[in-house]
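Step one of this worksheet: look at the structure below.
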2 protein chains.
Amino acid sequence: MLIVNDVKWTDTLSFRLGAVGALVADQYAEALAVHDLKPKHVGLLGVLDSGLAASQLEIAKLMRVAPSLVVSLADRLESMGAIERLRDPADRRRQILSLTGKGRDLLAECTAKALALDANLAADLTSSQHAELSEALGRLAASLGLPVRG
Amino acid sequence: MLIVNDVKWTDTLSFRLGAVGALVADQYAEALAVHDLKPKHVGLLGVLDSGLAASQLEIAKLMRVAPSLVVSLADRLESMGAIERLRDPADRRRQILSLTGKGRDLLAECTAKALALDANLAADLTSSQHAELSEALGRLAASLGLPVRG
DNA sequence: TATTGTTATACTCTATAACTATA
DNA sequence: TATAGTTATAGAGTATAACAATA
């Protein structure tokens, strides 16, 4: 067994975060399939809910995706009635996106699905471990520039 | 601010694991670019090092990827001299893969790169938080069927 | 001329399906 | 006939580049 500084490849945080993150993302994508949505659609709903960005370009920067991807994500959500596009009267180039009531409901359902997945994951952890994990991930997320609540 | 059961979308473990995992995976992929390798190449080296699988089909199952992907990963690693393919004398359909000395060195370097990334991440955590995070992720990884030590 | 959004195109990753060799 | 590996093909997801409208 190869060991570097007494640490195996699978013992690194990097491997575990990457691998566990990918599996959880897959499971979440599967849970969203019933709504015919991808995790990034939920991400966009979340951004609008947070109020951190409203124009498509701002959203693209916050989500770290190409502006063209925001177009297709928003197209889908708009066709579902989850969001509305409004031309900014002060600058008619900008599309201001906002959640509709239906969009808020949808985000609530998608959050509930995430919480259900969380519960499955938490089954393998003590409640204090769960709390520590959430706290540590929150710090990492914040330091990586992801939007997280205080 | 929309809150479900007093929890926001970005507060879920699912979101944080998925998002942080993706960012860490991207950073790791970038760190590997100097070797012209992808994280899955390192995964294959790790599988061989672990001894949990040797034939390509066994490796594909353990890594949860298509057998055809193992072919291309192994082609690359073989061309670099990191692994060797040996026909199983008992069943000449099977290719038994094994790490070469160069492959072991490469895995060591890739593990060192992961540890360097870990150190960056750990800068945002107390050492006990780091340990708790690693422990919790290890449990989740094990319960998701990923190979982890201890 | 610079910027926002959109459309058209291309690229990366990976899976599925067809095929070869061996059992 | 069934299985291990390989090759060929196709699809999903996303970025880049070209374009249109507005500033």
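The figures here come from the full heavy-atom set of this structure, side chains too, leaving out hydrogens, waters and symmetry mates.
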Just list the side-chain donor-acceptor pairs under 3.5 Å for residues 26-48 of chain B, sequence neighbours left out, or say none.
residue, atom, partner, partner atom, Å
B:Tyr28, OH, B:Cys110, O, 2.7
B:His35, NE2, B:Glu109, OE1, 3.3
B:His41, ND1, B:Lys38, N, 2.9

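A straight line from CG of A:Leu44 to P of D:dG13 spans 16 Å, rounded to a whole angstrom. If you take CZ of A:Arg92 and P of D:dT22, they are 6 Å apart, rounded to a whole angstrom. If you measure from atom CG of B:Leu69 to atom P of C:dA15, you get 6 Å, rounded to the nearest angstrom. Rounded to whole Å, the distance from CD1 on B:Ile59 to P on D:dG5 is 8 Å. At whole-Å resolution of the value, CD in B:Gln95 and P in D:dA4 are 13 Å apart. Per the geometry, CD1 belonging to B:Ile96 stands 11 Å off P belonging to D:dA4, to the nearest Å. One atom, CD of A:Glu78, and another, P of C:dG5, lie 13 Å apart when rounded to the nearest Å. Rounded to an integer number of Å, the gap from B:Leu57 CG to C:dT20 C1' is 15 Å.
Contact annotation: B:Lys40 side-chain N/O to C:dT14 OP1/OP2 distance is under 4.0 Å. Contact check, B:Arg85 against D:dT6: a side-chain N or O comes under 4.0 Å of OP1 or OP2.
Here A:Val65 lies in heavy-atom contact (under 4.0 Å) with sugar-phosphate atoms only.
Between the side chain of A:Arg93 and the base of C:dT3, at least one donor-acceptor pair of N or O atoms lies under 3.5 Å. Contact of A:Ser55 with C:dT4 (side chain to base): no donor-acceptor pair of N or O atoms is detected under 3.5 Å. At a cut-off of 3.5 angstrom, the base of C:dT14 holds no donor-acceptor pair with the side chain of B:Ser72.
Each of B:Gln56 and A:Arg64 was matched to the nucleotide of DNA chain D holding its nearest heavy atom; the match closer to the 5' end belongs to B:Gln56.
Expressed to the nearest 0.5 Å, how far OG1 of A:Thr111 lies from CZ of B:Phe15 amounts to 10.5 Å.
When distances run from any side-chain atom of A:Ser68 to the nucleotides D:dA15, C:dG5, C:dT16, the shortest one goes to D:dA15. When each of D:dG5, C:dT6, D:dG13 is scored by its nearest atom to the side-chain atoms of A:Lys38, the top-ranked nucleotide is D:dG13.
Put simply, the side chain of B:Asp75 reaches to within 4.5 Å of the side chain of B:Arg85, judged on heavy atoms.
Taking all atoms of both residues into account, the shortest heavy-atom contact from A:Ala74 to A:Ile83 is O-CD1, 3.6 Å.
Taking the side-chain hydrogen bond (donor to acceptor under 3.5 Å, both in side chains) definition, one finds that B:Ser68 meets it with nothing, sequence neighbours left out.
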